[in-house]
Amino acid sequence: MKRMTQQAPAKVNLALDILGRRPDGYHDMRMVMQAVSLCDTVTAEETEEGFALHTGGDFIPAGKKTLEQRAAEAFFTAISRPMPGLSVTLEKRTPAYAGLGGGSADVAALLRILRDRYCPDLPGTELERIGFTVGSDMPFCVRGGTALAEGRGERLTPLPPLPRCHVVLCKPAFSVSTPDLFERIDGVRLRRRPDTLGLLGALEAGDLAGVARRMYNVFEDALPPRRAGEIGEIRNSLIQYGALGASMSGTGPTVFGLFRDASAARHACSALRETYRETFLAQGLEPVE
Ligand code: C5P
């Protein structure tokens with residue numbers, strides 16, 4: 001196998017709503033997901049034996065199989081083939097633990113590499129199913145583009161693409177634990193819910209301002225007050241710099257804003273970067289498949 005490479009685009013949640021906690025401990029979600037051009041690069045190569053993951057210095061917990069290895073094993077089980085030795089390299093640009101699905105995007109890119117090399121006829125829905133065995137947001141990361149994600153995140157409905165725009169993503173310096181925030185939200189009375197139906201209508205109409213105006217993420221209500229304050233400040237800054245709307249992505253803490261105007265987006269990005277080192281400029285992406 002020669003070296004094979006795939007891009008691993010980050011995602012943002014244009015809307016994130018939680019419908020309730022399920023008997024299995026997970027939550028039923030309704031999310032409008034959008035892939036963006038901020039991405040890692042994943043390279044894989046066949047080796048003599050074993051599974052090796054190279055992350056350029058990022059921490060890999062010892063003694064625990066990585067999601068990449070678990071997904072590769074699930075892939076070869078699904079296609080009934082013994083797993084060869086694999087060396088996988090991640091070139092990271094998307095911040096981790098940021099609400100941008102960066103880790104899942106890397107695993108999804110690896111699955112696309114394995115599919116292209118070992119089973120090109122494998123349907124996309126089967127690759128999504130394999131991904132789902134290692135994480136709830138994997139099916140979307142495999143597919144990309146713009147989609148409504150329901151259930152735990154595995155029920156995907158393709159949506160019309162986000163109208164052309166510029167996305168400024170700004171990650172404050174703290175991290176948020178996804179399981180902790182899910183735990184917290186069970187005890188919180190939600191003050192506001194996203195207008196998901198209205199947002200879907202705005203996507204259908206190609207109405208960027210209508211999409212941006214309706215963006216909302218219920219996890220903002222579950223943040224500790226000090227954190228919520230900082231998220232609110234970033235959102236206000238994005239709006240002041242000209243964003244049509246801004247919201248937190250996933251379980252945070254990244255806040256993103258949608259801009260029609262490229263130069264306003266570039267200005268917002270460089271101004272916010274003075275305070276927040278991890279600030280990026282991106283565009284919406286169409287599906288990978
Ligand atoms: O599926 P994944 O491993 O990415 O989920 C991480 C954690 O997030 C789960 O252990 C669970 O606590 C929470 N989660 C949830 N409901 C979902 C997705 C994730 O409660 N739909």
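Numbering of ligands and ligand atoms starts at 1, following listing order. The model shown is predicted, which means the values in this text are computed figures rather than measured ones.
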Report task. Around atom 6 (C) of ligand 1, find the nearest protein heavy atom and jot down its residue, atom name and distance. Result -> Thr178 CG2, 4.3 Å

Query raised in the report: Looking just at side-chain N and O atoms, do Asn217 and Ser247 make a donor-acceptor pair shorter than 3.5 Å?
Result: no

Query - Residues Lys65 and Glu73 bridged, charged N to O under 4.0 Å - result: yes

Query raised in the report: By number and element, which atoms of ligand 1 are closer than 4.0 Å to a non-hydrogen atom of Tyr26?
Result: 1 (O), 9 (C), 14 (N), 15 (C), 16 (N), 17 (C), 18 (C), 19 (C), 20 (O)

Query raised in the report: How close does the nearest protein non-hydrogen atom get to atom 3 (O) of ligand 1, and which residue and atom is it?
Result: Gly135 CA, 4.4 Å

**Report entry** Closest protein heavy atom (residue, atom, distance) for atom 14 (N) of ligand 1
**Finding:** Phe182 CE1, 3.3 Å

Query - For Arg152, the ligand 1 atoms whose distance to one of its heavy atoms is below 4.0 Å - result: 1 (O), 21 (N)

Report task. Is it possible for you to say whether Val36 and Phe259 belong to one hydrophobic cluster, with membership spreading through side-chain heavy-atom contacts below 4.5 Å? Result -> no

Query raised in the report: So does Arg152 pair up with Asp24, basic N to acidic O under 4.0 Å?
Result: no

Requested in this report: Would you mind checking if Arg115 and Glu126 are paired as a salt bridge, meaning a charged N to carboxylate O distance below 4.0 Å?
Outcome: no

Query raised in the report: Is a salt bridge present between Asp40 and Arg93, judged by a nitrogen-to-oxygen distance below 4.0 Å?
Result: no

Query raised in the report: Any protein heavy atom lying closer than 4.0 Å to atom 10 (O) of ligand 1?
Result: no

Report summary line: Closest to atom 4 (O) of ligand 1 (heavy atoms only, candidates Gly151, Pro179, Ser136) is Ser136

Report task. Would you mind checking which non-hydrogen protein atom is closest to atom 20 (O) of ligand 1, with the distance to 0.1 Å? Result -> His27 ND1, 2.7 Å

Query raised in the report: Of all the atoms in ligand 1, which lie at a distance below 4.0 Å from a heavy atom belonging to Met29?
Result: 21 (N)

Query - Pair Glu68 + Arg70, salt bridge at N-O below 4.0 Å - result: no

